Protein chains: 2
Amino acid sequence: MSLPHAILTALLEKPSSGLELTRRFDRSIGYFWSATHQQIYRELGKLEAEGLIRALPAEQPARGQKKAYEVLPAGRAELARWTGASQDPKPHRDALLLRLRAAAVVGTAGIEADLRRHLELHERQLAEYREIERRDFPPGRDGPEDRLRHLVLRAGIDLETFWIQWLGHALAEFAHLPDAGEGERPGEPRA
Amino acid sequence: MSLPHAILTALLEKPSSGLELTRRFDRSIGYFWSATHQQIYRELGKLEAEGLIRALPAEQPARGQKKAYEVLPAGRAELARWTGASQDPKPHRDALLLRLRAAAVVGTAGIEADLRRHLELHERQLAEYREIERRDFPPGRDGPEDRLRHLVLRAGIDLETFWIQWLGHALAEFAHLPDAGEGERPGEPRA
DNA sequence: CACGCTTATGCAACTAGTTGCATAAAGCGG
DNA sequence: CCGCTTTATGCAACTAGTTGCATAAGCGTG
């Protein structure tokens with residue numbers, strides 16, 4: 001249950017409207033906690049009802065009008081509490097690894113092309129992260145906040161690097177496999 | 001929507017009852033696609049209703065009695081279709097990275113201990129993976145199925161290795177931080 | 001044999017997340 | 001000033017996943 005806390009963090013970094021939050025989730029925060037605009041609007045409503053955030057007063061608060069929120073002291077306190085509380089890591093789910101395991105039983109037909117596609121996607125993401133690193137973390141900036149945020153970005157960079165390497169290994173393995181990509185069924189007797 | 005396919009894969013590897021599947025999800029398959037027993041029972045019911053699997057005939061099919069399932073040809077076909085179909089990677093969610101980002105705003109109180117705890121958990125998981133590797137993939141075994149399954153295990157091993165390294169960096173960073181773990185608020189002016 | 005423990009299956013209610021669509025105002029071009 | 005697109009907010013329905021509990025048989029033991 002971390003979406004409210006992701007939103008609190010984003011709002012503390014800068015008070016924003018629902019749509020602005022949505023855009024920022026598409027960029028930085030969404031890299032490790034994605035959310036759609038509907039989730040965000042719903043959660044903003046809840047957080048306001050709970051007294052953790054409030055809408056900044058606007059001139060004409062009408063529909064189709066930006067409505068910006070800011071974090072109240074209670075919200076900051078709740079975020080600090082959650083941040084410091086011990087949490088168990090959630091078990092991950094990775095469909096690609098699952099598919100590879102399935103391929104060991106029903107055959108590898110079609111999967112190699114998708115591995116290549118994933119490789120490209122990860123390379124693109126890595127390039128984006130490196131660009132952010134170059135832009136936001138030049139050698140000079142190294143206050144405590146910068147160090148922490150840089151650390152998070154490093155995780156993103158290293159994870160993408162890992163996937164690129166692993167997909168490389170996987171594709172190399174496929175090159176050695178008999179009839180790779182031709183739909184053979186390794187679990188079945190072969191002629 | 002991959003749980004049914006995870007179950008089909010597991011059942012193809014070996015026909016099983018709901019509880020046996022649950023146990024196997026706790027071990028091997030659950031490492032990259034976790035599921036509770038309730039999810040599994042529900043899904044087994046659906047898969048049977050759709051004609052993708054069937055219950056193996058038992059002597060006395062009563063409650064509290066093992067009921068094993070096997071995959072029907074339609075199930076194998078569906079799994080092969082799904083395995084070969086192109087799929088976009090789901091955006092990941094990582095609460096720990098989110099917390100670190102929050103810590104950059106509301107302070108790092110309490111989080112360092114949890115980083116250490118996570119480090120330990122990952123070290124334990126890595127040890128488990130290495131044990132599985134030693135046991136299931138000795139140098140001799142290298143048929144196509146083994147290579148694919150080993151590849152999946154390698155991903156698990158390398159991912160754990162990545163997290164262990166990253167958590168090491170993170171903890172080193174904390175050691176350099178002023179007042180680390182004492183609840184300072186880096187976003188606020190300091191005395 | 002009655003009691004409690006383990007194995008095995010399952011329902012119901014809840015929480016979280018996704019998808020599709022609706023509404024409304026502002027800006028803009030003819 | 002009318003229709004079109006963009007910006008902004010939001011509801012409703014659906015799908016997926018989790019939590020808590022219920023049921024029932026088997027098994028051991030005092």
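Order of the sequence lines fixes the chain letters, A, B, ..., with proteins taken first and strands second; residue numbering starts at 1 for each chain. In this text, all values refer to a predicted model and were calculated from it rather than measured experimentally.
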Toward the 5' end of DNA chain C, which comes first, A:Lys46 or B:Tyr69, by nearest nucleotide? B:Tyr69
Per-pair distances, 0.1 Å, donor-acceptor, side chain in residues 80-90 of chain B, under 3.5 Å, sequence neighbours excluded:
residue: B:Arg81; atom: NE; partner: B:Glu78; partner atom: OE1; Å: 2.9
residue: B:Arg81; atom: NH2; partner: B:Glu78; partner atom: OE2; Å: 2.8
residue: B:Trp82; atom: NE1; partner: B:Gln87; partner atom: OE1; Å: 3.2
residue: B:Thr83; atom: OG1; partner: B:Leu79; partner atom: O; Å: 2.7
residue: B:Ser86; atom: OG; partner: A:Asp114; partner atom: OD1; Å: 3.1
residue: B:Ser86; atom: OG; partner: A:Arg117; partner atom: NE; Å: 3.2
residue: B:Ser86; atom: OG; partner: A:Arg117; partner atom: NH2; Å: 2.9
residue: B:Asp88; atom: OD1; partner: A:Arg117; partner atom: NH1; Å: 2.9
residue: B:Asp88; atom: OD1; partner: A:Arg117; partner atom: NH2; Å: 3.3

Expressed as a whole number of angstroms, how long is the span from A:Lys90:NZ to C:dT15:C1'? 10 Å
Atom CD of B:Glu48 and atom C1' of C:dG10 are separated, to the nearest Å, by 14 Å
Just to be sure I understand the geometry, which residues of residues 32-42 of chain B put a non-hydrogen atom under 4.0 Å away from DNA chain C? B:His37, B:Gln38, B:Tyr41
Side-chain heavy atoms of B:Leu97 within contact of B:Trp166, under 4.5 Å: yes
A:Arg23 and A:Glu20 ion-paired at < 4.0 Å: no
Checking the side chain of A:Gln39 only, and the main-chain atoms of A:Thr36 only, is there a donor and an acceptor separated by less than 3.5 Å? yes
Could you see if B:Leu121 belongs to whatever hydrophobic cluster contains B:Phe32? Use Ile, Leu, Val, Met, Phe, Trp, Tyr and a side-chain cutoff under 4.5 Å. no
Please determine whether a side-chain nitrogen or oxygen atom of A:Ser17 lies at a distance below 4.0 Å from atom OP1 or OP2 of D:dT9. yes
Under a plain distance cut-off of 3.5 Å, with no hydrogens placed, do B:Arg149 and B:Ser28 share a side-chain donor-acceptor pair? no
Would you indicate, yes or no, if D:dT7 has its OP1 or OP2 atom less than 4.0 angstrom from a side-chain nitrogen or oxygen of A:Arg23? no
Whole angstrom is fine here: how far is it from CG in B:Leu44 over to P in C:dG10? 8 Å
Taken to the nearest whole Å, CZ/A:Phe25 to C1'/C:dG17 is 13 Å
Could you check how far CG of B:Leu47 sits from C1' of C:dG10, rounded to whole Å? 16 Å
Atom CG of A:Leu3 and atom P of C:dG17 are separated, to the nearest Å, by 6 Å
B:Glu43 CD to D:dT15 P, in whole Å, measures 13 Å
